[in-house]
Structures are given as structure tokens and as C-alpha cells.
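Worth knowing before you read on, the calculation uses all heavy atoms, side chains too, and leaves out hydrogens, waters and symmetry mates. Quantities reported herein were computed from a predicted structural model and do not represent experimental measurements. First the proteins, then the strands, lettered A, B, ... as listed; each starts at 1.
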Protein chains: 2
Amino acid sequence: MPEQSPGSRPTLEAVAARAGVSRATASRVVNGGDGVRKPLVDKVLKAVEELGYIPNHAARTLVTRRTGAVAVVIAEPETRFFSDPFFSQQIRGISKELTAHDTQLVLLLVEGPGDFDRIARYLAGGHVDGALAFSLHTDDPVPAITRRAGIPAVYGGRPSWTADPGDQAVPYVDADNRGGARMAVQYLRDLGRERIAHIAGPADQTSAMDRLDGYRDVLLDVDPTLVADGAFTVESGARAMAELLERRPDLDAVFAANDLMASGALRVLRERGIPVPEQVALVGFDDMDSVASETDPPLTTVGQEIEGQGRLMARLLLRALDRDRTGSGDVPESVITPVTLVRRASA
Amino acid sequence: MPEQSPGSRPTLEAVAARAGVSRATASRVVNGGDGVRKPLVDKVLKAVEELGYIPNHAARTLVTRRTGAVAVVIAEPETRFFSDPFFSQQIRGISKELTAHDTQLVLLLVEGPGDFDRIARYLAGGHVDGALAFSLHTDDPVPAITRRAGIPAVYGGRPSWTADPGDQAVPYVDADNRGGARMAVQYLRDLGRERIAHIAGPADQTSAMDRLDGYRDVLLDVDPTLVADGAFTVESGARAMAELLERRPDLDAVFAANDLMASGALRVLRERGIPVPEQVALVGFDDMDSVASETDPPLTTVGQEIEGQGRLMARLLLRALDRDRTGSGDVPESVITPVTLVRRASA
DNA sequence: CACCGCTCTGGGAGCGCTCTCAACGCTGTC
DNA sequence: GACAGCGTTGAGAGCGCTCCCAGAGCGGTG
């Protein structure tokens with residue numbers, strides 16, 4: 001690559017001059033070369049190479065009205081963003097997919113509720129072609145913002161206001177939480193367990209509620225003393241486990257709504273000398289790398305393709321953008337990604 | 001905010017027409033309004049409000065040659081990016097600082113060694129005004145890339161090729177790892193401990209090496225049997241602890257190069273019934289939220305302001321950009337951020 | 001041999017903005 | 001009352017690119 005020439009970079013004009021063609025032809029070559037005869041293509045490419053030409057993105061955007069960038073909006077409070085490897089992995093997936101389509105990722109972290117104005121201004125400012133956002137809450141302003149800005153958006157996790165998984169109001173990608181929970185509980189049942197408790201996640205997250213629903217699907221008429229509330233953290237899992245043991249010392253299995261809570265529960269069980277899985281079988285959810293396989297015993301859990309979900313989100317958005325551009329193609333639909341039961345030693 | 005008008009957004013021209021001024025004056029008002037008489041300013045602002053005018057970023061960039069965006073390049077292998085809350089927190093700090101200066105954050109995750117070409121093309125393509133990158137390795141291509149692209153960059157963590165903390169070849173922000181380690185070891189010494197072991201981090205990370213150096217600073221002529229290698233993970237900390245106990249069952253203190261390893265070490269100590277801190281005092285490093293205060297006993301550790309480091313990185317970069325723009329101002333210098341000893345129960 | 005129709009190429013407009021520069025009106029001074 | 005000097009405004013060029021449209025070139029056909 002030629003050294004950066006002092007001052008300004010070469011323009012298309014310069015490339016055209018060097019190749020002995022018009023700017024229009026040079027442009028055609030740079031953008032794929034359709035309808036340009038071979039010898040000219042080669043001449044232009046040679047000039048590009050020699051001059052180290054790189055298209056000016058702003059100029060291109062100005063006329064095409066496309067930026068080649070999408071925003072990733074993360075409105076989660078800091079705590080979750082930090083503790084949850086979930087986000088990092090989804091972002092990694094998103095990044096991979098976008099990169100493969102020459103699209104850039106602009107990260108928009110929402111710094112508190114007053115910050116949505118800035119987000120709105122940014123999304124409406126034509127800086128990006130579309131947006132990806134996560135786990136919407138009931139009164140989440142993001143959908144309204146993107147609608148007003150006139151850009152397509154895809155969401156990660158089922159928005160809380162959608163009645164059903166599968167609702168098409170806004171396109172989203174989510175794991176089959178309910179199905180996964182059913183799978184887990186059914187597995188415990190098949191193991192012969194009869195008093196299967198559940199440590200639930202926070203009620204304001206649809207993933208937690210869907211998992212609870214899945215638990216209930218299998219165990220019709222659940223005894224409420226078998227369900228304890230947690231907050232998706234290790235500590236809350238430990239507390240919930242202690243609570244459950246107090247209420248139902250006879251329980252013989254626990255399905256925790258995520259691995260972190262399962263590991264907290266496991267700690268309590270161990271402290272009390274309750275053998276896992278012999279006396280109490282334990283199943284988690286997420287198959288989180290740094291947790292599930294590192295506990296003692298390792299967790300049986302429900303695994304999901306987190307990075308794949310990110311890729312899928314990006315793919316749906318890119319498809320929507322393509323549709324906007326070409327005026328045809330299919331409307332993106334929400335996708336529920338499959339989950340699998342990962343059998344380890346805890347159940 | 002007015003609804004997005006169908007089709008195209010209002011331009012400066014439209015604002016000017018509505019306010020009854022020239023485009024130039026409208027532009028001046030939109031950009032701060034210096035040198036425009038009050039009544040006209042008001043008229044323009046009113047027009048902006050009524051039309052819901054938002055400046056076209058591409059057009060602006062095209063003429064000013066500034067994008068109002070900086071890249072954050074993360075070249076770490078996936079594993080670290082995921083497991084380490086470090087990154088999320090630094091990014092949060094960076095985001096806060098950039099946001100406060102109306103600058104956007106473009107996230108560039110490097111997907112393998114072959115991906116640097118893409119990064120180079122992007123950085124040279126005038127998409128961003130500057131770059132932030134992390135923990136450079138010896139042969140890291142990022143500095144060469146940014147130099148060639150002609151954009152300023154600031155690094156997080158001392159680059160491995162700089163001989164000294166404080167080296168000015170590239171501006172970076174790092175915690176006072178060596179000083180922190182000294183502080184920790186000196187503290188153990190003041191506690192009366194005499195056989196202080198160290199669980200070191202990976203040799204290819206300067207933070208780990210600096211911490212080892214700090215340990216050595218205090219304990220001149222360290223007995224090599226008192227130092228074990230780890231990899232900044234819980235498991236590696238446990239392994240190292242077991243190794244140390246085998247070699248030196250008489251040790252009475254351990255300084256681990258990070259909290260994760262400390263927690264691994266703690267687990268082993270507990271398993272063997274060795275009372276902490278009575279028989280063996282334990283100090284970690286990082287004061288990682290989800291770890292240090294949640295162990296039993298909670299960890300005494302060296303705390304650093306991770307988010308603050310991120311902010312500082314962004315601030316240094318913004319200052320460099322400002323310098324480029326105005327042609328004056330101070331050259332950004334590397335900053336070593338202070339650390340503090342956080343006393344809890346483990347030592 | 002004229003003409004049609006095709007492919008390929010170039011001229012030129014224009015995307016929305018900033019910024020230079022000239023013009024303008026006003027005040028103050030001699 | 002003329003003019004210098006200042007602060008304010010507007011006209012217009014131009015940033016680098018894409019894309020429309022017209023024209024050139026060329027082969028094939030009647």
C-alpha cells in the first residue's frame with residue numbers, strides 16, 4: 001500500500017486522469033465494473049492500485065443516501081451490560097455478519113433515560129441505514145424512534161409487549177426459551193424427579209417469563225412453593241435456593257432460569273451437603289462458557305447459539321435494507337432460534 | 001419532533017428560505033450562531049424547529065473533512081473479549097466521554113489475523129477521525145495502520161514494545177500496575193507476612209509483567225519457588241495455588257496478579273482447609289465487581305478505575321483531534337492512572 | 001451503402017453543506 | 001457631509017462522488 005500522500009488523498013478524478021478515462025468510467029470500475037470493457041477495467045484498477053485510491057465515503061453517502069453503517073443500540077443498565085457475556089457474544093456475531101457485508105457497526109450505549117434524545121437525533125440524522133437493539137421493555141422508546149427516523153430495525157429478544165412469541169409487529173430474534181425450559185423440565189421428569197422446583201428470572205424480562213411458562217407447560221398445576229424468584233445473578237440464585245430448601249426440603253430437582261443462578265444454587269446445595277445430582281438434580285439455562293462447564297459438578301443446561309443469534313439479527317436487518325434499496329424482497333420475519341439440552345453431570 | 005416528512009428531509013436551503021435568510025446565515029446559526037444578530041438567530045432556530053431540520057452528516061463531512069466519529073479497534077481473541085468485563089467497562093467509559101463531545105463510536109472487532117486489511121482500509125477511508133485500540137502486542141499492526149492512515153490513535157494498556165511505563169512513542173493509558181503490585185506486597189509485608197508468593201499473569205501481557213515487577217520491587221531476591229504462572233483465569237489461579245502449596249507449604253501470603261486467579265486460589269485454599277487470612281493472606285488485583293466482593297472471604301485487592309481509563313483514552317484522543325484541527329495545543333502524553341488498595345477480609 | 005440497434009463511454013448536473021470573499025449598512029470622526 | 005472602519009449578510013464556488021443522458025463506435029441487416 002502506498003504511503004499516505006501528504007495533504008489530500010487521491011480522488012476519483014485523479015484515478016480517471018491516470019487511467020486515461022472519464023470519471024464516470026472510473027466510478028463504474030470502482031463499483032464493480034459492470035458494462036466496462038476489460039482493458040479499461042484493468043487500466044483503472046492499475047491506476048487505483050498505483051495511487052492507493054480509497055473512495056471518499058462522505059461523498060458517496062451524500063449522493064447514494066446510504067451510509068453502509070448500522071447502529072447497535074444498547075439501552076441496558078450498566079450492570080447487565082457488564083456482567084452478561086451475552087451481549088459481547090451477540091455483538092461479536094453481529095460484527096461478523098456486518099463485516100461480511102461491508103457494513104460498519106456504530107455502537108450506541110444509552111447513558112440513562114435522558115439520553116434517548118441523542119439517540120433519536122443520531123438515528124434520524126442519516127448516520128446509519130438501520131438499527132439493532134436489545135430486549136425491549138414495555139415503554140421502550142427505541143421502536144418509535146426508528147419508525148420516526150424512517151429506518152428499519154431488528155430487535156434481540158422478544159419485546160415485552162408482544163403477546164406471543166412469533167408476533168410480527170417488530171422483527172426480532174430470540175431463543176426458544178419456552179421450548180428450552182420445557183425440554184429441561186421434561187428431562188428432569190424423565191429422570192424420575194417428582195418435586196421439580198424453579199428459580200425464575202426477573203419478571204420484566206421476557207426470556208425469564210418464557211422460561212417460567214415452559215416450566216409450567218410441563219408441570220401443570222405447579223405448587224407455588226416450588227417457584228422462587230431470582231434476578232439472573234449468582235447471589236440471587238443462592239438466595240432463592242436457600243428459600244426453596246426452607247419451604248420444600250423434599251425437593252428433588254431444580255431448574256434454574258439461567259446458569260448464573262444455577263451456580264449460586266449449586267453453591268448452597270454443596271454448603272448444606274446435599275449431593276448433586278444424587279439427591280437434587282440441577283439444570284441451568286444458557287450454557288454460558290465460563291460458568292456451566294466450570295462448576296463442580298458441571299451443569300446440565302440448555303444451550304443456545306448466542307453468536308448465531310447476533311448474526312441472524314444482522315442478517316435480518318441487512319435483508320430489510322436490501323429490500324428498501326431494491327424495492328423488492330421479503331419482509332423480514334422474526335426468528336426463534338433452536339436450543340439444545342447439554343447434558344453434563346448436575347442432572 | 002415533527003414526523004419524518006415522506007421522502008426527503010428538509011435541507012439547510014429550506015430552513016434558510018423559511019427564515020428568510022441566506023443559506024450561509026442559516027449555516028452559521030446551526031453551527032453556533034457566532035456573528036449573527038439575535039433576531040435572525042431566533043428566526044432560523046424557529047425554522048429549524050418547525051421543519052425538524054437535522055443537518056446532513058455526509059454533506060458536512062464532505063466539506064469539513066471531519067467525521068465526528070472515532071473507531072475502537074479490538075483485536076483481542078474472542079475469549080478475552082467475552083470473559084473480561086474489563087473491555088465492556090472501558091468501552092462504557094469511552095462511550096461516555098465521546099458522547100459528551102458529540103462523537104460517535106464505531107466498533108471494529110478484528111476477526112482473526114487476516115482481517116487487518118479490512119481495518120486498514122477502513123481507517124484509511126476517512127470514515128473516522130481517530131482510533132482507540134487495546135493492549136498492543138509486539139508485532140501489532142495497528143500503530144502502523146493508523147500512522148499510514150494519517151489519523152491519531154490512543155492505546156489502552158502499555159504497548160509491549162515500550163521499554164518503560166511512560167514511554168512516549170505512542171500515547172497510551174494504563175493503570176499503575178507496578179505501583180499497585182508494590183502497594184499490595186508492601187501491605188502483606190506490613191502485616192508481618194514473610195513468605196509472600198505470587199501468582200503471575202501471562203507473560204505476553206504487559207499488565208501481568210508490570211505486576212510481577214512490582215512484586216519483585218518489594219521482595220528483592222525473590223525465591224523462584226514462590227512464583228507460579230497463571231493465565232488470568234479462575235482455573236489457572238487454582239492450578240497455580242496448588243502448585244505453590246506443593247512447593248512451599250510454608251507460604252503465609254499470596255499476591256495474585258488478578259482477582260479471577262485470586263478467587264481460584266481461594267477455592268483451593270478453602271478446599272484444603274487453610275484459613276484465609278489467618279494462615280495465608282490473599283490479595284488480588286483489579287477489584288472486579290462481580291468477583292472481589294463476592295468471594296468468601298471477600299478479597300483484599302488493588303482497585304483501578306477502569307471506566308475512568310476508558311474516559312481518559314477518549315479524552316486524549318479528542319485532544320489530539322482538536323490539536324489537528326486548530327493546529328495548536330499540547331501533544332497528548334501517556335497517562336498512568338492511580339490505583340488504590342481496597343481492604344477487605346482476605347488480607 | 002445506408003440505417004438500425006446495441007454496447008460502451010463521457011459530459012455534466014447535482015447531492016447538502018461550509019467557507020471565502022465581496023458587498024452592504026451602520027456608526028463615528030474629522 | 002464625506003469617508004474610514006466595523007460588524008453583519010449573501011452570493012457562489014467547490015468538497016468527491018454517482019448517475020442520467022446523449023453521443024460515439026461498431027457490427028449486422030436489408
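In this structure, the separation between CZ on Phe116(B) and CG on Leu123(B) is 10.5 Å, given to the nearest 0.5 Å.
Nucleotide dC17(D) holds its P atom 9 Å from the CZ atom of Arg9(A), rounded to whole Å. The distance from atom CG of Asp34(B) to atom P of dT9(D) is 12 Å, rounded to the nearest whole Å. Taking atom NE2 of His57(A) as the reference point, atom P of dT18(D) lies 11 Å away to the nearest angstrom. In this entry the distance linking CG of Leu12(A) with P of dC17(D) reads 4 Å, nearest Å. Computed from coordinates, the Glu13(B) CD to dG16(C) C1' distance equals 9 Å when rounded to whole Å. The CD1 atom of Ile54(A) sits 14 Å away from the C1' atom of dG16(D) (whole-angstrom rounding). In this entry the distance linking CZ of Arg65(B) with P of dC17(C) reads 18 Å, nearest Å. In this structure, the CZ atom of Arg23(B) is 13 Å from the P atom of dC19(C), given to the nearest Å.
Residue Ser27(A) places at least one side-chain N or O under 4.0 Å from the OP1 or OP2 atom of dT18(D). Listed pair Thr25(A) / dG10(C) meets the phosphate criterion, a side-chain N or O lying under 4.0 Å from OP1 or OP2. Distances shown here put a side-chain N or O of Ser22(B) below 4.0 Å from the OP1 or OP2 atom of dG10(D).
Mapped onto DNA chain D by nearest heavy atom, Val63(B) and Arg37(B) fall at different nucleotides, with Arg37(B) at the one closer to the 5' end. Looking at which nucleotide of DNA chain C each of Ala24(B) and Ala58(B) is closest to, the 5′-most match is held by Ala58(B).
Proximity note for Arg28(A) (side chain, C-beta onward) versus dC20(D), dC15(D), dG10(D): the nearest is dC20(D). The nucleotide whose nearest atom lies closest to any side-chain atom of Tyr53(A) is, among dA11(D), dC17(D), dC17(C), dC17(D). Closest approach to the Leu62(A) side chain among dC17(D), dT9(D), dG16(D) is made by dG16(D) (side chain taken as heavy atoms from C-beta onward). Considering only the side chain of Asn31(B), dT18(C) comes nearest among dG14(C), dC19(C), dT18(C). For Thr64(B), taking side-chain heavy atoms from C-beta onward, the closest of the listed nucleotides dG16(D), dC19(C), dC19(D) is dC19(C). Side chain of Val21(B), nearest nucleotide from dC15(C), dG10(D), dC17(D): dG10(D).
Of the possible polar contacts, one joining the Thr103(B) side chain to the His101(B) backbone as a donor-acceptor pair under 3.5 Å is found.
Using a 4.0 Å cut-off between charged nitrogen and carboxylate oxygen, Lys96(B) and Glu307(B) count as a salt-bridge pair. In summary, Lys38(A) and Asp42(A) engage in a salt bridge, as defined by a charged side-chain N under 4.0 Å from a carboxylate O.
Between the side chains of Glu111(B) and Thr99(A), no donor-acceptor pair is found at a separation under 3.5 Å.
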